Amino acid sequence: MSGPNSDYDPVEVTPLRADEVEAMRDAALDAIAGAQDLAALKQVRLEHAGDRSPLALANREIGALPPQARKEAGARVGKARGEVNKALGQRTAVLEAEHAERILVEETVDVTLPTDRVIAGARHPITTMSERIADVFVSMGWEIAEGPQVEAEWLNFDALNLGPDHPARTMQDTFWLEPAEAALVLRTHTSPVQARTMLTRKPPIYIACPGRVYRTDEIDATHSPVFHQVEGLVIDEGITMAHLKGSLDHFATSMFGDGITTRFRPSYFPFTEPSAEVDLVCFVCRGAAVNEEGDTCRTCRGEGWIEWGGCGVVNPRVLVACGVDPDTYTGFAFGMGIDRTLMFRHNVEDLRDVFEGDVRFTQPFGMEI
Ligand code: DAH
């Protein structure tokens, strides 16, 4: 049937009947009360207060009523929708408060709980010591040079005045690489970097070269088949032994503090002439040779001095072999143990501790990067 009906009773239009509106409202209120979290309430809001909810649809019907019926139906639907919206607002507030509360509980961090700490790695003390040494020379205007650890026999020995029959070759127990014809060694010292530098650069040369070296030594408290040296080389006009002494004294005090200077003892190295061993003032007894209790100092064994490395004035034969004119230039060179320097500076008694990789050794050095 279509068209208005003269005895049309709006109260009888099904969706607008009081009991129907109440039923819609009650269904909405029940659903709101039953929503257990904000997501469920969102769904309820859509179903019971959204554009397609029964009450919204009923509201739309009002317009179709005859004017005299609209007021009552409008008031009834409006009241129901108001109640539903109010209930929605209250339930939202309750659920939001519960949610906040739950987050506070669930995400509480107990700062007193012990954690599984993942220890962050740090660089090895030898690495940081090498860089500290490099800094001393860079601050004097020197450059840092590098060379390969697999080195040509000629650069490791011959260029440094250590010919095949030189007796001093046997002083350095060498790892030879196969095949023998390749004439390659694991460098036994950082001195080949001197030769490499002179062969590739023109004087003046001021370089320091920290690096890893190898010898067939048995491991003990003071020996390791892998260890570290820092080489120094200066080639310029008018360079004398005095420049060498001044540079090494500066290096020593930079590493060990004021008053720790060096002494030279005559020695022999094929690549330097004259040559010297370098001793440091004992950093424990500071040269007194006895300790505070009046006993012989254990560190220097009563010497007052500790051996640190070797040095000398660059042998002219080395200059010639490396293409430097010995009539114009002179130079000095030195080679110090980095591991020894670390051990002296930090009272490490056993070299094996430096290389074994136990974090209990490295940790006291901190997170130096
Ligand atoms: N290369 C020597 C060694 O390993 C150390 C050394 C001595 C280096 C005297 C030098 C030097 O440059 O002049 O035993």
Side-chain angles (χ1 to χ4, degrees), residues 130 133 137 142-147 149 151-163 166-175 185-199 205-217 222-236 239-249 251-252 262-280 306-319 321-322 324 326 329-341 351:
S130 301
I133 291 171
F137 291 100
W142 296 31
E143 289 170 66
I144 302 304
E146 284 186 338
Q149 291 172 33
E151 185 57 283
E153 174 190 2
W154 189 83
L155 289 163
N156 193 81
F157 292 123
D158 303 57
L160 300 169
N161 194 31
L162 271 155
H166 199 294
R169 269 214 191 195
T170 53
M171 278 163 46
Q172 301 189 352
D173 299 317
T174 310
F175 283 111
V185 298
L186 288 181
R187 68 180 179 192
T188 56
H189 50 181
T190 41
S191 303
V193 183
Q194 290 186 27
R196 285 180 169 272
T197 308
M198 286 186 269
L199 285 164
I205 291 169
Y206 290 78
I207 55 144
C209 164
R212 190 169 290 170
V213 299
Y214 303 82
R215 288 188 202 171
T216 59
D217 288 333
T222 52
H223 293 88
S224 160
V226 183
F227 58 105
H228 301 81
Q229 291 186 332
V230 56
E231 192 80 13
L233 174 72
V234 167
I235 306 285
D236 206 343
I239 293 294
T240 69
M241 199 94 173
H243 298 117
L244 169 61
K245 183 76 167 68
S247 302
L248 287 178
D249 279 348
F251 181 22
T262 62
R263 93 173 165 185
F264 287 176
R265 266 180 301 115
S267 186
Y268 173 76
F269 296 102
F271 24 91
T272 40
E273 184 57 42
S275 304
E277 302 246 0
V278 188
D279 293 344
L280 283 170
I306 292 178
E307 202 180 309
W308 196 25
C311 69
V313 171
V314 179
N315 191 320
R317 293 173 66 103
V318 174
L319 296 179
C322 298
V324 174
Y329 294 106
T330 50
F332 68 74
F334 59 82
M336 306 293 153
I338 295 180
D339 318 277
R340 280 177 82 75
T341 308
L351 181 60

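Counting convention: from 1, in listed order, for ligands and their atoms alike. Remember, predicted model here, so these are calculated numbers, not experimental data.
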Are the side chain of Asp249 and the backbone of Thr262 linked by a donor-acceptor contact shorter than 3.5 Å?
yes

Is the backbone of Arg265 close enough, under 3.5 Å, to the side chain of Asp279 for a donor and an acceptor to pair up by distance?
no

Atom CZ of residue position Arg215 - does it have more than 12 heavy atoms of other residues, nucleotides or ligands inside 6.0 Å?
yes

Glu146, CD: over 12 other non-hydrogen atoms inside 6.0 angstrom
no

Assess whether atom CZ of Arg317 is packed by more than 12 heavy atoms of other residues, nucleotides or ligands within 6.0 Å.
no

Residues pairing under salt bridge (charged side-chain N to carboxylate O under 4.0 Å, His left out) where one sits in residues 329-339, two or more places apart or in two chains, turn out to be none

Within the 4.0 Å heavy-atom sphere of ligand 1, strictly under, residues:
Gln172, His189, Ser191, Gln194, Arg215, Gln229, Glu231, Phe269, Phe271, Thr272, Gly310, Cys311, Gly312, Ala333, Phe334, Gly335

